[in-house]
Structures are given as C-alpha cells and as structure tokens.
Amino acid sequence: MIPAQPRGSATLRREIARRRTFAIVSHPDAGKTTLTEKFLLYGGAVQLAGSVTARRDQRSTTSDWMELEKKRGISISSTVLQFDYRDFRINLLDTPGHSDFSEDTYRVLTAVDAAVMVIDAAKGIENQTRKLFEVCRQRGVPIFTFMNKLDRPSREPLALLDQLEDVLGIAAYPMNWPLGTGQDFKGVWDRCDRVAPHLRGDAEGELPGAGHQRRADRSGHPRSDERAVVPCPAGRDRAAGRRGHGIGRRRHRLGPDDAGVLRQRAQQLRRAAAARRLPRALAAAGLSRRSGSITVQPDQEAFTGFVFKIQANMDPRHRDRIAFVRVVSGTFNRDMSVTVARTGAKTRLSNAAKVFGRDRETVDEAYAGDVVGIVGNSRLIIGDTLTEDPAIAYDEIPRFPPECFSYLENTDTAKFKQFRNGVDQLLEEGVVQRFEQPDSSRQRQLIGAVGPLQFEIVQYRLESEYGAAARIVPAPWTVARWVESELADRDLPLPGDASLVRDALGRRIALFVNEWSLRYFSDRHPGVKLHVSPQ
C-alpha cells in the first residue's frame, strides 16, 4: 500500500479552493479567441476587448500577441492568461483552433482541470471539435459547451443538444436558452436565475453589457446597475413557455414541447449525477494526478509540477525562454530548489513570473492549480517534472507522430550561426521535430510536424526573430513509425521510397510515403514492430 503523503495547511487548502484552471478550445472560426477576450473584459482584466476582425482598425487581442498571429488573424500558439475575478484566481489558457497546431492544444489540455468547448451554432460539431473532445474524454477533462454565434442564422437549439448527445455522447443540460436566433436574437433566458439579459451589442454579437464597459467600479467590474436584466416569469420553464418573454416588439417563447424536453433532460441528468456518472463541474478546484501507483492530491505538502509548454522570444527586447509549469501540488516559492525528475539534478527556480499573454510580472508564491512561467532555465524541457518529492514523476505530455515532412535549408551561409541557434531554440518549443539522416547537414535539416503551417511559422520566425533566412523544401513522406527490431539498420527491408531516420534521442523511425506503403511493409515483415509513439 502506498502511504498517504502529508497534507498541507489550512492556508494551502484555502488558496487551492480559489483556483480555476481551464482551457478554451474549438474548431477554427468558432469564436474561441473572441470569447476569451470577453472573459477578460467582464472579469475586469482588460478595459477594452480586442477585435478578431478588422485588426488594422482596432487593437489586437490579448491572447494573440505574436506578430504572425496579428498578420494571419488566427491563433498560432496557446496563451496563458492569469488574473483575479472576485474571490477567485483564474488561470485561463487560450488554445489554437487550427488542426495544424493541435499538438500544442493537446499539451495544454494536460495542464487544465476543465475545458470550455466553443461550437458554432450554425455549423454544429466539426472535425476538430470531435478530436478535441476525444482527447478530453481520454484524460477525463470535464467539458462545458458554449454555443456561439446565435445572433446569426443557426441550427435549432434542441437540434444542437441532440447532436451533442448523438455525436459526442454528452448528456448536456442547458444553463440558458436563446430568445430568438439570427436577426431576431434578443438575449438569453437564464434558467438558473430566471432572468433574461438584454443584448446590448452590435451586429458582431457583443455580449450583454458591451459598450458600457467604461463605466465601472474601482475594481474594473461593470456596476451592478448596468447589467440590464429583465425579470422573467417566476416558476419553471413551463411558465416561461406559457407566458413568453416580452422583449422589444416580439414575444420569444420557449414552446411547450421544448420545455418538456428540457425538463426530461434535467431529470435524466439528476439521475446521472446521483449515480456519479457526470464530470466534475467547472466550479471544482484542482484535480489529483497520477505518478505511477501514487495519487498526488493538490493539497499535499510537497511542491510538484510539470512543464507543458516552452516559448522563446516572448519579450522582443531579449531572446528569452519561458518554461510554463502547471503546479500540481503544494506551494511554489520563488528561489526554491527542486529536483528535475528526468535527470535527478537540483535546480533553483529563481526567475519566476505570472504571465498574462505577452506581459509578465515577478511572482513570489503560487499554489496548486496555478501556471507559473520559469524564465531562462535552459535545462528544462517539455514534460519535465519539478518536485520536492523524488518519488514523484509525471508522464502527462502526449507524443504524436508527425504527418508532414520538409527540409529546412539555410540560404545564407554567413548567417549559419543565427540559423543554427534559431532552429535549436524553436525545436525546444516542440512545434516541429528534427530527424537525423545518414547524410544530414546542419545547413539542411529534415523536420516533421503535425501540419504544414508549422513549417511556415518556423521559416517566418527564423527570419523575423533571428535574422536567418531559410527555405522550405517538401519531403515525400507522410507516415512515421518508431521501429522495434533486432535487425541492424542496413538489414531492415524497407521499401525503396521509405527512409530510416533517428529522432532527437537516437531512436529509429521509419518514414513511409503513405498508409498503403506502411501496410504493405507490415504485412510482409511481421517481425518488425512499428509503433505510433516511442516505447
């Protein structure tokens, strides 16, 4: 039996209970970054929300701080946003929606306790939504769905609920209900508080209260008298359906059929909750984690955490490097000495920061649930466990085989040093992987990624951040498998269009041009075992 570890103080438990750590995920263009900005605005973290559209005329979004993100109008890298809201410490992680950046999103999901999944009400559940849901399901991350863009032509609300249940298997309980859709959208019926906020925005779908954010109390929060809520009929949804909502010239009804379905769903969910088949709510504090056979609770006394992301050059004035650490248990103190489980070496966490997009400030103390940025520690890599307890080592970070390959070539030999240093630093972020071939050259390197847009980003950042021009030359392979075999390299009977390379740790990888070539090889040589991830 594993002995219980010492539990922390009352102060530690109180601070952990204040933490809320969640990610916002979605298919591209569902409105994820806009929702993030609204969280920041109504949470009092910013005074004016950035615009995802018309970027030339308005300030950029807080979460999309990279120059290329501003130019392309898409999220490229996940962003950590930490701020206080009322009595809570919020750790909000905005993630890229494009599938080419999914590996970054998957890593972020290891560091959160819940996820808000944004769904375009007109398009419903899309391919990337399915993939993100599956990752959350495998990790046991609770999901809260946000149906967005109801102010535009959209699907029927009940049809969206049915799709959640049929496609994703989520038995969803709607906390609010739209009052009209498209041009007739007037607001939402809050099914908990039985109020209907007015929609006070523009054609782009501002949330209730937008346009009045400047009139706030000293804490930056909108004054309570500006919430502009209209009391709805007292009672249940049945009463709402019978009386309707008198907003504007039209009365928006929750029909009796809809109300009946919602009541039936509520009864089903109450039974599921009683049977403990529902995920933990967003209001829950930090989750426990597994380290081998040990369950690590957030309020255990020893500090532990793991690195889930590394970002270079966040400060344009310095070529710095930040390792983002999710605090799993205990209390983090600046200047504390911890063990890096991978190497067994001690390291001092002296330069620590609270991060808000690109901005940062020194942090002296953090608790389980928080995300801390460790600045300048070049010995840390993605997946590292930092711990005061040598028995603890987390294995949280998923690894995925690349699906796209290209050669990255230095086009200016006079800038080789900048090219080499830039490639080395960008590889540490984990956005692309480097592979060694027998004839590898530092001037021409084989790299792989989940999606081809990653190559464009590496090329752009090499030139803009390191002053090293580079050329991308596509390579023919699309499938990578780690090889397990006693045969020597020269004796592996790979097809003529395949290639044998090695990853950063020297493990053998077979590259195939397509799935058919992989299956053909596997069928003819069953003694050679191929794996989708390192063993």
Side-chain angles (χ1 to χ4, degrees), residues 21-23 25 77-80 91 93-96 99-115 131-132 134-141 286-292 294-296 298 303-312 321-329 338-345 347 349 355 368-374 377-387 392-403 425-435 447-451 454 480 482 503-505 507 509 531-535:
T21 305
F22 62 97
V25 298
S77 177
S78 57
T79 305
V80 177
N91 292 277
L93 286 81
D94 184 25
T95 64
S99 59
D100 282 15
F101 314 121
S102 58
E103 193 167 358
D104 190 21
T105 300
Y106 297 157
R107 289 172 183 159
V108 165
L109 289 173
T110 67
V112 299
D113 299 324
K131 294 178 182 178
L132 292 169
E134 185 60 25
V135 173
C136 291
R137 186 191 65 80
Q138 291 175 356
R139 299 194 57 82
V141 176
L287 302 177
S288 60
R289 304 273 173 162
R290 297 287 295 176
S291 170
I294 302 173
T295 299
V296 181
F303 163 80
T304 65
F306 62 90
V307 179
F308 67 92
K309 176 181 175 64
I310 289 177
Q311 185 74 49
R321 177 184 188 271
I322 296 185
F324 291 91
V325 176
R326 160 65 195 249
V327 181
V328 175
S329 68
V338 298
T339 298
V340 181
R342 172 177 53 88
T343 63
T347 187
L349 306 180
V355 181
D370 282 335
V371 173
V372 176
I374 307 300
N377 193 321
S378 61
R379 290 172 290 181
L380 299 179
I381 65 173
I382 291 175
D384 270 349
T385 295
L386 307 180
T387 177
I392 303 297
Y394 299 111
D395 185 19
E396 296 281 338
I397 304 300
R399 294 173 175 83
F400 302 93
E403 300 173 9
Q425 288 193 26
L426 294 178
L427 286 171
E428 291 176 353
E429 295 183 6
V431 295
V432 296
Q433 301 179 50
R434 177 166 51 196
F435 301 96
I447 57 176
V450 173
Q454 294 285 19
W482 277 262
D503 65 12
L505 297 180
R507 296 170 297 203
I509 300 178
H531 305 283
V532 295
S533 62
Q535 299 299 299

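Sequence positions, counted from 1, serve as the residue numbers for this chain. These values consider heavy atoms only, across backbone and side chains, with no hydrogens, waters or symmetry-generated copies. Only a predicted model underlies this, so the values are computations on that prediction, with no experimental measurement involved.
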> Looking only at heavy atoms, what is the nearest atom pair of Cys136 and Ala115, with distance?
Replying inline: SG-CB, 4.2 Å
>> Quick one: does any side-chain atom of Arg107 pair with a main-chain N or O of Ile382 as donor and acceptor, under 3.5 Å?
In response: no
> Which heavy-atom pair separates Pro402 from Gly448 by the least distance, and what is that distance?
Replying inline: CB-C, 3.7 Å
>> So does Thr387 get a backbone contact from the side chain of Thr304, meaning a donor-acceptor N/O pair under 3.5 Å?
In response: no
> What residue among Arg290, Arg139, Arg326 forms side-chain hydrogen bond (donor to acceptor under 3.5 Å, both in side chains) with Glu396?
Replying inline: Arg139
>> Quick check: do Leu386 and Phe303 have side-chain heavy atoms less than 4.5 Å from each other?
In response: yes
>> Distance check, rounded to the nearest 0.5 Å: Phe308 atom CZ versus Leu93 atom CG?
In response: 5.0 Å
> For Pro401 and Ala480, which heavy atoms make the closest approach, and how far apart are they?
Replying inline: CB-O, 3.7 Å
> So which heavy atom on Val108 is nearest to which on Ala23, and how close?
Replying inline: CG1-CB, 4.1 Å
> Which pair of heavy atoms, one from Ala368 and one from Val328, lies closest together, and at what distance?
Replying inline: CB-O, 3.4 Å
> Once you round to the nearest 0.5 Å, how far does OG1 of Thr385 lie from CD1 of Ile397?
Replying inline: 9.0 Å
>> Any non-hydrogen side-chain atom of Tyr394 less than 4.5 Å from a side-chain atom of Val296?
In response: yes
> So, do Thr347 and Arg379 sit near enough that their side-chain heavy atoms are less than 4.5 Å apart?
Replying inline: yes
>> Are the side chains of Asn91 and Phe22 in contact, using a 4.5 Å heavy-atom criterion?
In response: no
> Who are the side chain to side chain contact (heavy atoms under 4.5 Å, CB included) partners of Leu427, not counting sequence neighbours?
Replying inline: Val423, Val432, Arg434
> Is Lys131 paired with Glu134 through a side-chain N to carboxylate O contact shorter than 4.0 Å?
Replying inline: no
> Side chains of Arg342 and Ile381: closer than 4.5 Å at any heavy-atom pair?
Replying inline: yes
> Can you tell if the side chain of Val355 reaches within under 4.5 Å of the side chain of Val371, non-hydrogen atoms only?
Replying inline: no
>> If you define the side chain from C-beta out and look only at heavy atoms, does anything of Tyr106 sit under 4.5 Å from Val450?
In response: no
> Do Asp503 and Trp482 come close enough that some side-chain heavy atom pair is under 4.5 Å?
Replying inline: yes
> Which atoms form the tightest heavy-atom contact between Arg321 and Leu380, and what is the distance?
Replying inline: NH2-O, 2.5 Å
> Rounded to the nearest 0.5 Å, what separation is found between the CD1 atom of Ile509 and the CD atom of Gln433?
Replying inline: 6.5 Å
>> Could you check whether any side-chain N or O of Thr21 sits under 3.5 Å from a backbone N or O of Asp113, counting only pairs where one atom can act as donor and the other as acceptor?
In response: no
